[in-house]
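Report on one structure; see the data block that follows.
The model shown is predicted, which means the values in this text are computed figures rather than measured ones. As a basis for the values below, the full set of heavy atoms in this structure was taken, side chains included, without hydrogen atoms, waters or symmetry mates. By convention in this document, chain letters (A, B, ...) are assigned in the order of the sequence lines, proteins followed by strands, and residues within each chain are numbered from 1.
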Amino acid sequence: MASLPSLAISGTPHKLDADVRKLSPASVPLEKRLSYQRSPPTADGGREASVQPLDAREALALLREGTGVESAFYVPLLQQCIETRSLPDAQVIHAHIIKTGTHEEAFISTSLVDVYMKCGAPHHARKLFDTLPQRNVVTWTALITGYVRNSEPENAILIFVRLVESGCYPTNYTLGAVLSACCALYSIELGRQVHGYMVKYGIESETSMGNSLCSLYSKCGSLESSVKAFRRIPNKNVISWTTIISACGDNGDTELGLTLFADMLSEDVEPNEYTLTSALSLCCMVQDLSLGKQIHSFCIKFGCESQLPVKNSIMYLYLKCGEIDEARSLFDEMDTVSLITWNAMIAGHAQMMNLAKDDMAAHHSGFEAFKVFQKLNRSGMKPDLYSFSSILTVCSGLLAIEQGEQIHAQTIKSGYLSDIVVSSALVNMYNKCGCIDDATKAFVEMSTRTLISWTSMLTGYSQHGRSKEAIQLFEDMRLVGIRPNQITFVGVLSACSHAGMVDEAEYYFNMMKNEYGIKPVMDHYACMVDMFVRQGRLEDAFAFVKKMDFEPNEIIWSILIAGCRSHGNVDLGFHAAERLLELKPKGIETYILLLNMYISAERWQDVSRVRKLMKDENIGSIRDRSWISIKDKVYFFRANDRCHPQSAEMYALLESLLQKATCLGYVPYKSVELSDKEDEENSVGSAAATHHSERLAIAFGLINMTEGTTIRVVKNITMCRDCHNSVKFFSILTKREIIVRDSKRLHRFRDGRCSCGDFGALLL
DNA sequence: CGCTCATAAT
């Protein structure tokens, strides 16, 4: 972006020329002009045309032939140009205007500037403007407004500076347009300066100006300034209220937003459809269905429930609050839908996928999102950046790489890949699907990179065990001047941990605290503890935990216990387990870890103690689920599942693989039986061999997928170390790349190694 | 009065 000038407010004392009419030439009689207005004169309005209105099309045809028309026709002709957005027509008219010398009349040339701008030709407008003998504040304003319209806010600002320098007085129209330019530039500094001009000209208290300021500050991310601007508006109208309420939503202060909505009602300001949709969106954010329903009834009361945006909001409210059937029937009842309707459906299902506790539910939601996306494509409407970013999130969640690739192609074709959110979602999708090279490619090809895209890529490298690249990326990011956040540092520290770079980890940990003033949270400590544990430095790990200024949580203890188990320090493990049990952990995986530890040590009393605690704490039964997607079908597996027709083949394959693996040195770990009751019924009379769900899914993939293709499996809980170890052998024996994404991380098995660093601290 | 400026849903 070109550097922008400062808008010095000092200098010649300006006074707002309140009466713009003085500047307006009246060479064409008012009544003549009126007769060419778009709306036909009404019978009772007394606006009889003094010149017989000539059809604008006919007039334009005459001009094209070179025949002149009366100069009074220029206004409707230009009006017609705006409607058709036809640049050539504008040029024809322009030529005639010059021929007749009419361009010296300021209002005609102002119209021409406006027409060029509305035809998307700012260059033509500017060229004309620069040669004008006469220009007034309206002409200047038309140019500024036009630049904003054509997404050239820098030029709008530069023209405003020239306007001020030329001694012209800006009007409220002018300052409103300049404020829009500041908004487009997200420049709160420029905005404040324009605010200064408004104060100076005494128009700050005008409602529309206050509203604009309120909106500007909100869009620039300062809710505080926005609220201040709002409070200073003496005569707040419904727009003022709507602006501040939606500002609260945009800036994440739902509580204040809802309070202000209540204030508005108690001050007897009647909300309109804009206000109500904003309020509904606040209810969505806090998932408050009962409040949402009240606002729904307001919509009916104020008669705007039939408006599409309102319908969209209400549908989205039900969807976000989990009332899928209600949302669905509202959707089906809609006779007209907009792209936003489709997008709301996709985004709603995508969110449900992410929040679903149950993996079956998650998958179902994701699948619904795909169905909606498909229907959108067939409806004749074109997906936009919102559709693409939502559906790419769904692909990430389901590891649906085939669909993801198709959508990638569609984003290129439609041009939406240039959008920062879409391209970030694409990087994320490839990372989550285990395609680090495609992610890198997508990242490199981005036109601009934000904190989110850098962090996403960095985390991708880190999760794939490519620590050097992750850290290199971090340094590049700092070099470009992007300020890392908390999440970025989680990526950096986990990369260090992965590669055993203890000194670097400590260096970055301190950098985070001292240079960036970011307070370390549990995740950061978890990375550090994980690192010491990986190194077998259990004492250092425990010492680090003692340094924390909060109590270790379930995650920290789990890492310590898993580490003790891996490094055979059973006593320390038992000690840590006692501390963990005092916390009454919530996560089912924590219990499996503890059970596994006690089972390996054959401490059966502790095993039954943990099982009892699980019952007391109402920890549900252990459900082990995996799924694999082949073509457009998804196949689910449970532990020891024998439901599938190919079961016999799958079990035989697993047996033979395990046998071969044993020859290569595979030793099974004893681990907890993961079948739940439902599964046990199904596996009555089954062979002795037990398999967790991911092994079944992998076997299914090996049988049904073309040789050499990558196998991608999603698992709902963390892999156990026995499965992890055996899959490493499978990758050698079958010469396949196998990707398992479990609830904690991504495992990419290749040639007997796993990208997680072959270390079990994050395994059960 | 030729710039028609300010608010919403994904």
Let's see if you get this right: which residues in residues 241-263 of chain A place a heavy atom under 4.0 Å from DNA chain B? A/T242, A/T243, A/S246

Show me the donor-acceptor pairs, under 3.5 Å and distance only, between side chains in residues 286-304 of chain A and residues at least two apart or in other chains.
{"residue": "A/D288", "atom": "OD1", "partner": "A/S290", "partner atom": "N", "Å": "3.3"}
{"residue": "A/D288", "atom": "OD1", "partner": "A/S290", "partner atom": "OG", "Å": "3.2"}
{"residue": "A/D288", "atom": "OD1", "partner": "A/L291", "partner atom": "N", "Å": "3.0"}
{"residue": "A/S297", "atom": "OG", "partner": "A/Q294", "partner atom": "O", "Å": "2.5"}

In numerical order, the residues of residues 368-397 of chain A whose heavy atoms come under 4.0 Å of DNA chain B are A/Y386

Under 3.5 Å, is there a donor-acceptor pair between the A/T141 and A/T174 side chains? yes

Under 3.5 Å, is there a donor-acceptor pair between the side chain of A/R85 and the main chain of A/G120? no

Which side-chain N or O atoms in residues 379-396 of chain A pair as donor and acceptor under 3.5 Å with protein atoms at least two apart or in another chain?
{"residue": "A/S379", "atom": "OG", "partner": "A/L376", "partner atom": "O", "Å": "2.7"}
{"residue": "A/S379", "atom": "OG", "partner": "A/M381", "partner atom": "N", "Å": "3.2"}
{"residue": "A/D384", "atom": "OD1", "partner": "A/N343", "partner atom": "ND2", "Å": "3.0"}
{"residue": "A/D384", "atom": "OD1", "partner": "A/Y386", "partner atom": "N", "Å": "3.0"}
{"residue": "A/D384", "atom": "OD1", "partner": "A/S387", "partner atom": "N", "Å": "3.1"}
{"residue": "A/D384", "atom": "OD1", "partner": "A/S387", "partner atom": "OG", "Å": "2.9"}
{"residue": "A/S387", "atom": "OG", "partner": "A/N343", "partner atom": "OD1", "Å": "2.7"}
{"residue": "A/S387", "atom": "OG", "partner": "A/D384", "partner atom": "N", "Å": "2.8"}
{"residue": "A/S387", "atom": "OG", "partner": "A/D384", "partner atom": "O", "Å": "3.3"}
{"residue": "A/S389", "atom": "OG", "partner": "A/L385", "partner atom": "O", "Å": "2.6"}
{"residue": "A/S389", "atom": "OG", "partner": "A/Y386", "partner atom": "O", "Å": "3.3"}
{"residue": "A/S390", "atom": "OG", "partner": "A/Y386", "partner atom": "O", "Å": "3.1"}
{"residue": "A/T393", "atom": "OG1", "partner": "A/S389", "partner atom": "O", "Å": "2.8"}
{"residue": "A/S396", "atom": "OG", "partner": "A/L392", "partner atom": "O", "Å": "2.9"}

Determine the contact category for A/Y316: base if any of its heavy atoms lies under 4.0 Å from a base atom, sugar-phosphate if only primed atoms, P, OP1 or OP2 are that close, otherwise nothing. sugar-phosphate

Just checking, is any N or O donor in the side chain of A/R126 or A/Y147 under 3.5 Å from an acceptor N or O on the other one? yes

Parallel, tilted or perpendicular: which describes the rings of A/F160 and A/Y197, with under 30° parallel and over 60° perpendicular? perpendicular

Proximal nucleotide (of B/dT7, B/dC5, B/dT10) relative to the A/A344 side chain: B/dT10

With sequence neighbours left out, the residues meeting side-chain hydrogen bond (donor to acceptor under 3.5 Å, both in side chains) with A/D253 are none

Any chance the side chains of A/N272 and A/T275 put a donor and an acceptor closer than 3.5 Å? yes

Counting only non-hydrogen atoms, which of residues 292-310 of chain A are less than 4.0 Å from DNA chain B? A/P309

A/N150 side chain to A/G146 main-chain N or O, any donor-acceptor pair under 3.5 Å? yes

Give a yes or no on whether the backbone of A/S222 and the side-chain of A/S226 come within a donor-acceptor separation of less than 3.5 Å. no

